[in-house]
*Asks:* 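Before I ask anything, here is the structure I am working with.
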Amino acid sequence: MFRAEDGRTARTMAERPAPTWHRDHEDENGVLAPAALAAAAALVAMWPYTSVIEPGAWSFIVLAVITAVGVTGALVRTWMRRRAEWLRDLTAFAVQIAVAVAVLTRLVAGDSAILGIIPTPTTFSVFRTLAAAAWEEIAFGAAPLAATAGLAAVLGAGFALVAILLDHLVFHRAAILSIVLTGVLGAVPMIVTLGDANVVWFVLLGLLALVLLRFTARRHPLAPRRSSASLAAGVGVAALAVTIVVAPGLPVAATLAGTGAGITVDASLRLGDDLRQPNPVEVLTVATKNDVAPYLRLTTLSHFNGRVWEPDRGDLNAQSEGFGDPEWGEEIATKDTSTSIRVLRMSSSWLPLPYPATGVQGVSDTWRVMPDNRTLVSRNADAVGNDYTVASTRVSPTLEQIRAIDAAPRVVDEDEDAVELPAVIGDLAAEVTADATTDYDRLVALQSWFRSSFTYSLETPVEEGFDGTGADAVAQFLDVRSGYCVHFAGAFALMAQSLDMQVRIVVGYLPGSLTDEKRGEESIFSVESDQLHSWPEVLFPGVGWVPFEPTASLGVPTAFAAAPTQGTGTDGPSAPAPTATPRPEQTTGPEADRPDAGDNSSSAGTQRRLDPTPVLLTVVGALVLLLLPALVRGAERGLRLRRARGGDAGAAWAELRDTMIDLRLPVSDADTPRVRGAALVRECGVDPAEMRALTDAVEQANYARPGALAEDLAGPLRSVLGAMHARGDRLTRTKALLVPRSLFASRDVDAATVV
């Protein structure tokens, strides 16, 4: 050992007594392992979000900032390894923030930034707008959320901070805090959606925890010199296996969102996964004095952009301001009714209400009224656990009254581009309604056509690839003539729009099944998860929004009775029996098509396509982690070559030593520079003159007086390194590139230190 490789004074064995059972000093971290573990922890934390957000640019942005943070931290710590620890950490933190901001700016709002990476006031304005849009998507959107630019910006910024925190926690061996942070972030999607546990993510988190704990413990001075990796791995795997097997069987407290499994419902038409659940659960109960329970609505969707129906987002009022003025006139017969609702296992930002609601009691002031569609919505409360009573009005026009009113014309926004619909939608609407003379009769004709010419199926839409409400999906549904409520409602709505009628789609629940329970004079109806439903409504001025039931095999189609002509005793029409709300049959919901039921239409392929995003992210993350050692080692080599160009003999000799370690060449700290140089000339065919230039520089740096003239050593160093690589076989060179051993070699100080 000489000063070019170790600047510390040698210690005698008496000064460093080595206990027999543990290490005699605290091992250094290095830069590669902490960066790789921190990046892996950030990716594990991100994994569950792929199940609640559709694939899109957001995953690439998150992966990019995580990678940039990890690489930046490793490079800065390599560059400043001889500096004070506090200065190194502070510099790494500052540079990581700067790099994360630059990457995020470039990927999200590069057009508004200087050189695409330096934010401007316009850039910050763009991010504020995107953040507000992301909040709206999270508060009112459906899982899985659309991969919007707002979500991409928010997730990118959030995971940039998470990656920086994890990078510093792991580097300073705060394993427990790193595990807790990763676990909490990863559990958020499952908690807010009340979804099932992600077993794969749980296993990954467990493995990560074991690796982090081992990484921290084995570098402590009291860590055993030797430990059984197989024993530790066996204990860890056994613990994970026992947890996976035992945890599902543990009882769940009834106070935690009901008594077990539930569903999450929001303002979208992505109902297929909820309807296809194999074991329906009771989500709410309804108490009413009527013979049948009402339909319950969560929210409405009025705007169609060609791909999806977007939820209504009107003004919100306090409950004290009421639900707005009635849409029906005084000549229309009405009946006031009261309904009590108890939400058991349904998570939503909307409360289920009968329509049209006129008042509510029993809910907190955080629930606000949206008068445009008479719903209750909250940005920070959840429907689960609420028990409340709703006052509503039953609107019952006569057949003559509804026929005498034209449906409200379709509202067209002149600032938006017109949506081009497939011709089949308008052609079929005109064909089916050709014999009708009033708008109401046209809608009834459409309703009857759907119920008689189509079949209900939960599986066919998935197999046929049109599990959605876009214009192309509707066209395919009209061709296949098989689907579920979302397809029926979407097709009916677009066909009604083609007839120039104002229409919207409702997301809610079918009336439940009558139970044997009673609440005073009220009957109790049970509503299960597979009764989640959607249906269309058309606006008739003076009557209000009139619902229709086009879904085959569900409910009872809307129909109004003619007014009595005799025996009324008054000049006005008597109150008719029918209601503007479709009255359903008392069923627990339709049965999904099963492949073993003998129906050939559902037998061809029952497997659902998996989301490839987690697999793709795993592969990309693995590749990044695989190349990270090469990047760090390359940066270190570049810094040393630059210092060697200025005559730094210590940097040149340190690079020579590390290259020997990488190429699996024998290295002994007892060798003098001349002995090591002679061995390289003899065994690797190194140019003797180039080798002599390096050894002379090292000897001069160690033994000559300070102030000697420095020469450029980069050329001789490159020549020697090239000869060493040329002598090694391809496999050795590949290992040296991808897994450089010098990054893991234990060194007390930088080998480039010259005293």
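Note that the coordinates shown come from a computational prediction; the quantities given were computed from them, not determined experimentally. Along the sequence shown, residues are numbered consecutively beginning with 1.
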*Asks:* At their closest point, which heavy atom of Thr182 faces which heavy atom of Ala41, and how far apart are they?
*Replies:*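 Taking Thr182 first and Ala41 second, the nearest heavy atoms are CG2-O, 3.4 Å.
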*Asks:* Which heavy atom in Leu694 sits nearest to a heavy atom in Leu713, and how many Å separate them?
*Replies:*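 Answer, listing the atom of Leu694 first, then Leu713: CD2-O, 4.1 Å.
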*Asks:* CG/Asp89 to CG/Asp167 distance, rounded to the nearest 0.5 angstrom?
*Replies:*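 With rounding to 0.5 Å, CG (Asp89) is 9.5 Å from CG (Asp167).
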*Asks:* Is the backbone of Met46 close enough, under 3.5 Å, to the side chain of Thr50 for a donor and an acceptor to pair up by distance?
*Replies:*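 Not confirmed, Thr50 side chain does not pair with Met46 backbone.
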*Asks:* When you measure from the side chain of Asp662 to the backbone N and O of Ser742, does any donor-acceptor pair fall under 3.5 Å?
*Replies:*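 Checked: pair present.
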*Asks:* Show, in sequence, the C-alpha distance, side-chain angles and deciding distance for Val180 and Leu177, and conclude whether the side-chain contact (heavy atoms from CB on, under 4.5 Å) test is met.
*Replies:* CA-CA 5 Å; Val180 170; Leu177 291 178; 5.6 Å; no
*Asks:* Ignoring hydrogens and angles, tell me if any N or O in the side chain of Ser719 forms a donor-acceptor pair with the backbone of Pro716 under 3.5 Å.
*Replies:*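 Not a single qualifying donor-acceptor pair exists.
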*Asks:* Quick check: closest heavy atoms across Ala153 and Leu130, and the distance to 0.1 Å?
*Replies:*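 Shortest heavy-atom separation between Ala153 and Leu130 comes out as CB-CD1, 3.9 Å.
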*Asks:* Would you find more than 12 non-hydrogen atoms of other residues, nucleotides or ligands less than 6.0 Å from Arg106 atom CZ?
*Replies:*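 For Arg106, atom CZ is not crowded (no more than 12 foreign heavy atoms under 6.0 Å).
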*Asks:* Look at the side chain of Tyr49 and the backbone N and O of Leu185, then say whether any donor-acceptor pair between them is shorter than 3.5 Å.
*Replies:*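 Here the side-chain-to-backbone pair exists.
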*Asks:* May I ask you to test the Val69-Phe159 pair for a side-chain heavy-atom distance under 4.5 Å?
*Replies:*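 SC-SC contact between Val69 and Phe159 ruled out.
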*Asks:* Please determine whether the number of non-hydrogen atoms from other residues, nucleotides or ligands lying under 6.0 Å from atom CZ of Arg83 exceeds 12.
*Replies:*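 Check fails, neighbour count at 12 or below.
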*Asks:* For a quick test of reading the model, state the closest non-hydrogen atom pair linking Gly685 to Ala723 and the distance between them.
*Replies:*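 Nearest heavy atoms, Gly685 then Ala723: O-CB, 4.2 Å.
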*Asks:* CG/Leu165 to CZ/Phe93 distance, rounded to the nearest 0.5 angstrom?
*Replies:*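 Here the rounded value is 7.0 Å.
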*Asks:* Can you tell me if Thr732 uses its side chain to pair, donor with acceptor, with the backbone of Leu663 under 3.5 Å?
*Replies:*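 No; judged by distance alone, with no hydrogens or angles, the pair does not exist.
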*Asks:* About how many Å separate CG of Leu656 and CZ of Arg640, when rounded to the nearest 0.5 Å?
*Replies:*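 Arg640 atom CZ to Leu656 atom CG measures 10.5 Å (nearest 0.5 Å).
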*Asks:* Check whether Thr91 reaches the backbone of Leu87 with its side chain - one donor and one acceptor, N or O, closer than 3.5 Å.
*Replies:*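 Confirmed, Thr91 side chain pairs with Leu87 backbone.
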*Asks:* To the closest 0.5 Å, what do you measure between CG (Leu665) and OG1 (Thr659)?
*Replies:*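 With rounding to 0.5 Å, CG (Leu665) is 9.5 Å from OG1 (Thr659).
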*Asks:* Search all heavy atoms of Ile61 against all heavy atoms of Gly156 and return the closest pair with its distance.
*Replies:*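 It is CG2-CA, 4.0 Å.
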*Asks:* If you round to the nearest 0.5 Å, how far is CG of Leu169 from CD1 of Ile179?
*Replies:*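 Atom-to-atom, Ile179:CD1 and Leu169:CG are 11.0 Å apart.
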*Asks:* Any side-chain heavy atom of Leu680 within less than 4.5 Å of one from Met660?
*Replies:*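 Yes. Closest side-chain heavy atoms under 4.5 Å.
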*Asks:* Hey, are the side chains of Arg692 and Arg674 touching, using non-hydrogen atoms and a 4.5 Å cut-off?
*Replies:*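 Side chain of Arg692 against side chain of Arg674, heavy atoms only: contact under 4.5 Å found.
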*Asks:* In Å and rounded to the nearest 0.5 Å, what is the CZ to CG distance from Arg718 to Leu641?
*Replies:*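 It comes to 5.0 Å.
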*Asks:* Of all heavy-atom pairs between Thr105 and Pro119, which one has the smallest distance, and what is that distance?
*Replies:*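 Closest approach of Thr105 to Pro119, heavy atoms only: OG1-CG, 3.6 Å.
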*Asks:* Does this structure show an ion pair linking Glu683 with Arg727, if we count only N-O contacts that are shorter than 4.0 Å?
*Replies:*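 Not counted as a salt bridge, because no side-chain N and carboxylate O are separated by less than 4.0 Å.
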*Asks:* Under 3.5 Å, which donor-acceptor pairs do the side chains of residues 202-213 form with other protein atoms, sequence neighbours left out?
*Replies:*
none

*Asks:* Could you tell me whether the side chain of Val126 reaches within less than 4.5 Å of the side chain of Thr129, counting heavy atoms only?
*Replies:*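 Contact flag for Thr129/Val126 side chains = no.
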*Asks:* Under a 4.0 Å N-O cut-off, is there an ion pair linking Glu85 with Arg77?
*Replies:*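 Here Glu85 does not pair with Arg77 in a salt bridge, since their nearest N and O are not under 4.0 Å apart.
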*Asks:* After noting the C-alpha distance and the side-chain angles of Ile114 and Thr123, does the key distance pass the side-chain contact (heavy atoms from CB on, under 4.5 Å) rule?
*Replies:* CA-CA 10 Å; Ile114 301 174; Thr123 305; over 6 Å; no
*Asks:* Under a 3.5 Å threshold, yes or no: a donor from one side chain and an acceptor from the other, between Ser125 and Thr122?
*Replies:*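 Checked: Ser125/Thr122 side chains show no N/O donor-acceptor pair below 3.5 Å.
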*Asks:* Please identify which of these residues, Arg643, Arg645, Arg633, meets the salt bridge (Lys or Arg N to Asp or Glu O under 4.0 Å) condition with Glu655.
*Replies:*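 Testing each of Arg643, Arg645, Arg633 against Glu655, the sole residue satisfying salt bridge (Lys or Arg N to Asp or Glu O under 4.0 Å) is Arg633.
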*Asks:* Using only atom types and a distance under 3.5 Å, with no angle test, would you say the side chain of Thr78 pairs donor to acceptor with the backbone of Ala74?
*Replies:*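 Such a contact is found between Thr78 side chain and Ala74 backbone.
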*Asks:* Return yes if a side-chain donor-acceptor contact under 3.5 Å exists between Glu699 and Thr695, otherwise no.
*Replies:*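 Looking only at side-chain atoms, Thr695 and Glu699 do not form any donor-acceptor pair under 3.5 Å.
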